[in-house]
Amino acid sequence: MDLLRELHEFLEYNKEKEDKFCCEIADPPRKRIRLENMGEGAEDLSQNGALQQAPVADDVNVAMENSTQKVCNVCLGILQEFCEMDFVKKVCQKVNSAEYQFTSFVFSVSLPPQLSVREHAAWLLVKEEMGKQGLSLAKEDIVQLKETYKWIIHPLFSEELGVPADGKSLFEVSVVFAHPETDEDCHFLATVCSDCFKPAKNKQSIFTRMAIIKALDKIKEEDFHEHFPCPPSSPKNICAALEIQCTNGAIFVAGRYNKYSRNLPQTPWIIDGERKMESSVEELISEHLMTAFKADSFNFSSSGREDVDVRTLGSGRPFAIELVNPHRIHFTAMEMKELQQKINNSSDKIKVRDLQLVTREAIGHMKEGEEEKTKTYSALIWTDKAIQKEDIALLDDMKELKIDQKTPLRVLHRRPLAVRSRVIHTMKSEYIDDHHFRLHLKTQAGTYIKEFVHGDFGRTKPNIGLLLKRTADILELDVESVDVDWPPTLND
């Protein structure tokens, strides 16, 4: 494709209509106008600078039939080779073979970054030639190659896949193009506009699309002409499609879990690469969800956590699991209930309830105001000195007891050293024998209950030992309720 020759032919063809053209349309149409015309039907486009669809299709067919056809020096063959149904079918076959569930799609394309340099050169050339005819052409008037390609390819993909294209779709079909032959086209920009190119840890090259666009916006026209030909030179080879991928957006599942074992951590307990416990709450739940949703991976979160030797009773602890790149996304309420039952039947160490699909935004409710929430506990306490009912009755009268807790020694390796103020809202004691009693507590979320009982070598003040004036220790601890009104309760 000889860009300069075609431009001269276009201008010569319109020369006799120049006066009328200039009077009626002072400037070439804006991109928005062309978009609207494309929507109305390409066959109705007038000679206003926009390309008509039929001739373009004919040119593509000729290019495919004639092996000696030159590779376009601007699009590097993208619009010549990769708008054909053969390529569309190849992409769609890969999508269908992956067996994803989806009702719409969004198409993303990664073009070689040096295409931006060639587009810039073409714009400068066209602007110069149109200037000779008394016409102006701003860069924003040019429809970018990436947009043009999407205009062409979207309806083809939509027809082949049988679903609409939707910019907000969670299912993404992506194609990555490369053109090694022209990789060095953009290297001169690093010399002329060095401040635009900064090394990044997660980037293999400094010549990213954004860096190149930034440099092109900054470079002077005369400097560009000095380093890069206008029109660009014609390459020998077309672009290559390096990657064709499809991914589904994450799905979020929430519920509440009970933990009945005193030998089960919430998350995998691995120290120095060695697993300390056979399983975890996270694994017992997620393995079934991963299988059902056919996901690649997952992320587990919850409203707080309990120690390995602490049970979680009552209505359970709220949790949410993000399932990454799930192949299956549609589940009925009955199917979710069956999945919940399958989890519960698989182990007697945990139980799940209210299992449901939620949105990413809804998970925020689980974390909102965590420290303002309350939790209820039941603790079995031992004392070194004998006690009577009267000795522990004073605890029942204490309301809104404020305590200061320095980061416990047992978690100091993973949490910063700090003093945290917490509130014990209520306490109710239950006498058992001379050395044992059970204490029911309602506390501010984030309170370290074990340390409140034994004092942690004076790091928590006041504590049960100080209040009873004797040594106290905790033998068992249960979480009886986590007062977070989420996720919504479901009917059994």
Around [X], counting heavy atoms of other residues, nucleotides and ligands shown, do more than 12 lie under 6.0 Å from its [atom1]?
X	atom1	value
D485	CG	no
E159	CD	no
K294	NZ	no
W269	CH2	no
K90	NZ	no
K139	NZ	yes
K146	NZ	yes

Is a side-chain N or O of [X] found less than 3.5 angstrom from the main chain of [Y], in a donor-acceptor match?
X	Y	answer
K373	V482	no
S169	S104	yes
N325	A295	no
D296	V324	no
S347	I343	no
E181	N237	yes
Q245	E172	no
E243	V176	no
K367	S302	yes

Strictly below 4.0 Å, N to O, side chains only: are [X] and [Y] in salt-bridge contact?
X	Y	answer
K150	E147	no
E306	K375	no
E278	K349	no

Considering only heavy atoms from C-beta outward, does the side chain of [X] approach that of [Y] to under 4.5 Å?
X	Y	value
H120	V117	no
N73	P231	yes
Q114	H187	no
L289	L355	yes
V71	Q80	yes
V352	N344	yes
F197	I212	yes
V358	W486	yes

Say you draw a straight line from [atom1] of [X] to [atom2] of [Y]; how long is it, rounded to the nearest 0.5 Å?
X	Y	atom1	atom2	answer
I321	F252	CD1	CZ	11.5 Å
C193	D223	SG	CG	8.0 Å
C92	F105	SG	CZ	7.5 Å
S234	L76	OG	CG	10.0 Å
F207	C186	CZ	SG	5.5 Å
E322	N299	CD	CG	4.5 Å

Any side-chain donor-acceptor pair under 3.5 Å between [X] and [Y]?
X	Y	result
S280	E283	yes
R305	T267	yes
T447	R420	no

Nearest non-hydrogen partners of [X] and [Y], listed with the distance:
X	Y	result
R118	V74	CB-O, 4.0 Å
D354	P487	O-CG, 4.3 Å
H179	P112	N-CG, 3.9 Å

**OP:** Please work out which of the three classes, parallel, tilted or perpendicular, describes the rings of F224 and F188, given edges at 30° and 60°.
**Re:**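 Perpendicular, since the angle between the ring planes exceeds 60°.
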**OP:** Start with the C-alpha gap between F293 and F331, add the side-chain angles, then the distance that decides, and say whether ring-ring contact (aromatic ring centres under 6.0 Å, His included) holds.
**Re:** CA-CA 9 Å; F293 284 83; F331 283 79; 4.2 Å; yes
**OP:** Using the side-chain contact (heavy atoms from CB on, under 4.5 Å) rule, take C239 and E81 through it: C-alpha gap first, then chi angles, then the decisive distance, then the call.
**Re:** CA-CA 9 Å; C239 277; E81 183 78 16; over 6 Å; no
Original post:
Does the cation-pi check pass for R317 over F319, that is, NZ or CZ under 6.0 Å from the six-membered ring centre and within 45° of its axis?
Top reply: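 Negative - R317 is either too far from the ring of F319 or too far off its axis.
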